[in-house]
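Throughout, numbering of the chain's residues begins at 1 and tracks the sequence.
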Amino acid sequence: MENKPENHTETHRALRNLLLPGLAFLLFAAVIVVAFSLRGSAQAGGTVTLLFFDRNGTALTPTQVRSASNNGGAGYNNDFLLNPANMRAISSGPLYTSGSNLAFNIPSQAVALAFNWPTLPGGYQLLILDNGGAGFSTAATINFTYQAALDVKKKLDAARAARPDYVPSTKFNTAYQAAASQLAGVDVYSPESAKGKAGQLALDQLAVAYDAILAEHGPVYAAANKSTVTPWIGFTIDTVSNYQANVDLAATLAAPYAWIRIVFDAGQAPSTYTSLVNYAKTKGVKVLGQPIDSTYDKGYTRAQYKQRFIDYITAFPQIDAWEVGNEVNGSWLSSDIGLRIADAAAEVKARAPSKPTFLTFFWQINTDSVANSMFTWANANLPASTRANIDVVTFSQYQEQAPMGVAFDQVMKTLRAEFPTQKIGLGELGYWISGQQFWWAYNQTDTLAAKRTVAEQYYSAGFDYPGSIGGVFWWTYIQDFKSDTTMQQIVKTLRDKLQSGAPTPTPSPTATATPTATPTPSPTPTATPTATPTATPTATPTATPRPSPTPTPTPAPGGIVFNGSWSAMAKVPATATYQDLFQTVTVTPNANHTASVWVKGSGSLELQAWGNAAWTKRLASVRINATSTWTKFTTPVFNAGNRQRVYLSFDTAFANAAGTMYFDEVFLGTSGGVNRVTNPGFESGNKSWTNDAPAIFSIQTGQ
């Protein structure tokens, strides 16, 4: 796999520990010279200069563009160049400052630009700027929002033409006609500011219309094709606790299409799950078995991975399908995961040949490395021999980690083309997972409303493709569905549509009206920024898997302590200062470890595990976004290698992250093992903790 460049925190730490400042300056200068030399040699097809405007027609500077795309600093740089035909990544971070604009150089092939961009009210969309599908192969100056709107509308028109039986709803017609009206009001000769404004306002409406056609037509399409592909409506269960109630609810909501995906936790024998599996079968609920979640992959050797599948397949001949790999293109998985998938799929075919094999990617195309971009990874790591043993190909989707929106239709069609003989679908879905909240969808201020809209949209939209099972397997099913009757009704309504095959709503008589007004608030900043440097943009952080659901405990008296009488407090600054509260922790060499912490309050910090005292070897990290309730944040599993100690830190690593955060009960150790952190609950004050920013970090009592 491609090694990921250090992010801004790692670079900062490396520079902070250099002993020869003069040498550092010379190295920095050399890097700049090399970067610009390479940039010049890469522009085989010329340079594309991008003009950006907000929905008021105000020109945006490069700093403002970055802030808009990065969600004000909650996210990170996400510009990639793609092959416009197959969505495979070509390069990351191509945008650079050129005068008062951003630009990218065209390599020796036509390219599309992938870039996250906000719309109202739909939230962040992944925009694929592809020049009408042809890509960019010659130099040009492009009005970004205007061209993006033209590109999205062309794809939407094609989607509409491909669904001749679709009966447009008022929602679709109103949004579509508003977008068309905006674009019709300008042309190639209009001022760039007018085109940019029209493009942004059209994008707002196109996002609504695109969602509408897919969600409304998906159930109709699936119902009409049940004889070819039986629909799956999925939920994830990761515990045996209260399993009867969890299975009963799934059956009530989704039968006869109900599936549960059981996550078999690391270290658990098949016998742990016998009662759960058997009970699901008695209730008519089909079972997808997942022997190894992506979080635990590195805890197994290749041989152990294979043996775990053998053990579970042998123990459960009644299980209906097997997930042979989970979020397999994630950068936190083993480098030989492609071979592990091949092993597991071959074992299923040999030992349970009638049971489908199920593969899940991690949706990311522009938020990690080129090598881990979904379609690039699939092309490089799944040869024909492996694909021949895969029956269902899906991906997990978390829009707060990697936006989707108007790109969903293109992604699903590309998945269909990449795997023409397999069934496709959504393998996992959720929203607002702790520690991974970089972008927002549907509702910026009401997370619950946004979560419900995500469920309503994609449970239905996933069905709208040839060979699609639907799927979904909502990750936090137990927490989100148990007491939320709205979430329950979303699935019930879908189930009823699948059974009845009812058409989409007939538009009302006023559906042809074309509104001219659209929401006026702008998510883009308007303040005059400081000068924008021309250096290469900051590298994106390595993607991490979503953590397992963790129940929120009842806070201790006083509210600022999770356990005991003391906790740590951070007055997080608004800008990234890279200061720390940290501890050197003794660990077990060559063993898998993880770190975690309970957090409450506001603001964001980064929990980091480092492999050396120079702070240049990052082993794992997770962004901590504090909320009003105590929440546990956990890093991905990491191996200590030959180290006997690691360095655990809380770092002020983010911009626009101000707040007052309390954290308690810090853990670092092996799964289920002894906590290696000294004074983890701060009951002994600062003992064993080093504080390089007393104005930020302190120890507080809640009594």
Side-chain angles (χ1 to χ4, degrees), residues 1-5 38 42-45 48 77-95 104-116 125-137 148 151-152 154-155 158 325 327-331 333 335 337-338 341-342 359-387 390 393-397 401-422 424-427 465 539-540 542-543:
M1 290 188 181
E2 174 182 303
N3 289 326
K4 193 162 177 52
L38 291 175
Q43 50 184 324
V48 173
N77 289 357
N78 54 80
D79 47 307
F80 268 52
L81 293 183
L82 310 179
N83 182 315
N86 55 30
M87 299 189 80
R88 293 173 191 164
I90 295 170
S91 65
S92 63
L95 293 181
F104 66 87
N105 295 323
I106 302 171
S108 56
Q109 65 181 100
V111 293
L113 174 70
F115 202 46
N116 297 341
Q125 314 289 319
L126 171 62
L127 297 182
I128 308 296
L129 193 75
D130 62 5
N131 193 28
F136 296 95
S137 55
D151 290 344
V152 172
K154 183 175 181 178
K155 295 182 179 77
E327 299 181 323
V328 293
N329 58 306
S331 55
L333 277 79
S335 59
I337 184 62
I341 294 166
L359 182 67
T360 305
F361 293 110
F362 182 70
W363 167 243
Q364 56 185 18
I365 200 169
N366 64 318
T367 51
D368 199 333
S369 70
V370 168
N372 296 104
S373 187
M374 191 171 91
F375 292 111
T376 308
W377 189 96
N379 178 65
N381 292 276
L382 297 177
S385 57
T386 301
R387 297 182 187 217
I390 303 297
V393 180
T394 69
F395 57 87
S396 66
Q397 182 184 331
Q401 298 182 47
M404 179 69 83
V406 294
F408 183 78
D409 187 48
Q410 185 176 358
V411 170
M412 290 296 284
K413 290 191 290 189
T414 304
L415 187 68
R416 174 76 281 168
E418 181 75 21
F419 296 94
T421 63
Q422 287 82 10
I424 61 172
L426 288 176
Y465 302 90
T540 63
T542 302

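- In plain terms, the two heavy atoms of Ile341 and Leu359 that are nearest each other are CD1-CD1, 3.8 Å.
- In this structure, the side chain of Ser396 does not engage the main chain of Glu327 through any donor-acceptor pair within 3.5 Å.
- The two atoms that bring Arg387 and Ala378 nearest to each other are NH2-O, 3.0 Å, heavy atoms only.
- Ile90 is listed as a side-chain neighbour of Gln109, based on a closest heavy-atom distance under 4.5 Å.
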Item to complete: Assess whether side chain to side chain contact (heavy atoms under 4.5 Å, CB included) is satisfied between Phe80 and Thr367, documenting all intermediate values.
Response: CA-CA 8 Å; Phe80 268 52; Thr367 51; over 6 Å; no

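- Residues satisfying the ring pair (Phe, Tyr, Trp, His ring centres under 6.0 Å) criterion with Phe408, sequence neighbours excluded, are Tyr458.
- Closest non-hydrogen pair, Pro107 versus Leu81, comes out as CD-CD1, 4.2 Å.
- Ile365 and Ser373 get closest at one heavy-atom pair: O-OG, 2.9 Å.
- Of the possible donor and acceptor atoms, none in the side chain of Asn78 sits under 3.5 Å from a partner among the backbone N and O of Asn366.
- The minimum heavy-atom distance between Thr414 and Asn86, with the atom names listed, is CG2-O, 3.4 Å.
- The minimum heavy-atom distance linking Pro84 with Gly135 is given by the pair CG-CA, 4.0 Å.
- Rounded to the nearest 0.5 angstrom, Trp377 CH2 and Leu333 CG are separated by 8.0 Å.
- In this structure, Gln364 CD and Ser369 OG are separated by 7.5 Å, a value rounded to the nearest 0.5 Å.
- For residues 82-92, the salt bridge (charged side-chain N to carboxylate O under 4.0 Å, His left out) pairs, not counting sequence neighbours, are Arg88-Glu418.
- Of the possible polar contacts, one joining the Asn329 side chain to the Phe362 backbone as a donor-acceptor pair under 3.5 Å is found.
- Remark: Ser92 OG to Leu82 CG distance equals 11.0 Å, nearest 0.5 Å.
- Taking the six-membered ring where tryptophan is involved, the planes of Phe395 and Trp363 are tilted, since the angle between them lies from 30° to 60°.
- Under the 3.5 Å distance criterion, the side-chain polar atoms of Asp151 are matched with a main-chain donor or acceptor of Asp130.
- Going from atom OG1 of Thr421 over to atom CZ of Arg416 covers 7.5 Å, rounded to the nearest 0.5 Å.
- Side-chain N/O atoms of Ser331 and Asp368 include a donor and acceptor closer than 3.5 Å.
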Fill in: CA sep, side-chain torsions, deciding dist, call: Ile390, Phe419, side chain to side chain contact (heavy atoms under 4.5 Å, CB included)
CA-CA 10 Å; Ile390 303 297; Phe419 296 94; 6.0 Å; no

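- Atom CZ of residue Phe375 and atom CE of residue Met87 lie 6.0 Å apart, to the nearest 0.5 angstrom.
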Item to complete: Please report the C-alpha distance between Thr394 and Leu426 in whole Å, then the side-chain angles of each, then the deciding distance to 0.1 Å, and finally whether the side chain to side chain contact (heavy atoms under 4.5 Å, CB included) criterion is met.
Response: CA-CA 5 Å; Thr394 69; Leu426 288 176; 5.7 Å; no

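- Separating the CG atom in Leu113 from the CG atom in Leu95 is a distance of 5.5 Å, to the nearest 0.5 Å.
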